[in-house]
Amino acid sequence: DGQQAQECGRFFRATLTWQNIEGSTDLDMHMICPECQQEVYFNKKQCRCTGKPWHLQLDLDDLGHRENSEENIWLEKISDNYNLVYELKVKLYSGCRVPFTVIFRREGHPDHMY
């Protein structure tokens, strides 16, 4: 859950939030791990870097059935290869289009909200 991501994602965390105004909208975060090229999303909740501190992990909401829904992707440490780019996408899985917010939190840096 969100609390687990808050405790685990100390170095980096991306949080997607949205409100379900007209029924059940399910948004999904997708992030590609630049180390192993694994896409992390609903069906693949972890990348192949298991056991490494830059191992991406996904924490899911309850499939958009709450009024305020949330998903988190986190990792304990950015890879030592600082030239890598982390790419995040938000996809509408089901339901109506709704406004959403993505917040990036990185230890030692201000939060960025989009």
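Within the 4.5 Å cutoff, the side chain of Ile32 has no heavy atoms near those of the Gln38 side chain. In this structure, the side chains of Thr101 and Met113 come closer than 4.5 Å at one or more pairs of heavy atoms. Using a 4.5 Å heavy-atom cutoff, the side chains of Thr17 and Asn68 are not in contact.
The existence of a salt bridge linking Asp111 and Arg105 is confirmed by a sub-4.0 Å separation between a basic side-chain nitrogen and an acidic carboxylate oxygen.
His30 approaches Glu39 most closely through the heavy-atom pair ND1-OE2, 2.7 Å. Of all heavy-atom pairs between Cys49 and Glu35, the closest is SG-CB, 3.8 Å. Contact detail for Ile73 and Val40: the closest heavy-atom pair is CD1-O, 4.3 Å.
Glu71 contributes a side-chain N or O that, together with a main-chain N or O of Met29, makes up a donor-acceptor pair within less than 3.5 Å. Between the side chain of Trp18 and the main chain of Thr25, a donor-acceptor pair closer than 3.5 Å is present.
A donor-acceptor contact under 3.5 angstrom links the side chains of Asn72 and Glu70, judged on distance only.
Atoms CG and OH, from Leu88 and Tyr114 in turn, are 10.5 Å apart once rounded to the nearest 0.5 Å. Atom NE2 of His112 sits about 9.0 Å away from atom CZ of Arg106, to the nearest 0.5 Å.
Tyr41 does not carry Lys45 over the face of its six-membered ring by the limits of under 6.0 Å from the centre and within 45° of the normal.
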